[in-house]
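Data block below; observations after.
We count residues from 1, following the sequence as given.
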Amino acid sequence: MFWLNSVDVKCPICGAMNESLNLEETDGWMECENCGNVVQIMKYVKTRRVPCFQMHDCQVLVPLSQK
């Protein structure tokens with residue numbers, strides 16, 4: 001069967017060729033048809049940027065004393 005986003009990938013563990021995989025759908029995960037190991041192919045991982053703030057970039061809110 002032919003898929004639009006299918007790729008042929010060599011297993012990094014045993015070297016067997018796995019054909020017609022849609023790694024975009026599985027976020028890069030595949031189970032080798034030959035050895036059965038489950039691996040993630042980093043080329044197809046969907047990464048997301050997470051903001052990182054330094055304390056000097058943030059204003060600290062100090063509660064007003066309650067009387």
Val9 side chain reached by Met30 side chain, heavy atoms, under 4.5 Å = yes

Pairs under 3.5 angstrom only: tabulate donor-acceptor contacts from the side chains of residues 31-46 to other protein residues two or more places apart or in another chain.
{"residue": "Gln40", "atom": "NE2", "partner": "Asp27", "partner atom": "O", "Å": "2.9"}
{"residue": "Lys46", "atom": "NZ", "partner": "Glu24", "partner atom": "O", "Å": "2.8"}

ask   = In the hydrophobic clustering (ILVMFWY, side-chain contacts below 4.5 Å, transitive), which residues join Met17, or is it alone?
value = none

key: From CG (Asp8) to CG (Leu21), nearest 0.5 Å   = 7.5 Å

Side-chain donor/acceptor of Asn22 to backbone N/O of Ser20, under 3.5 Å = no

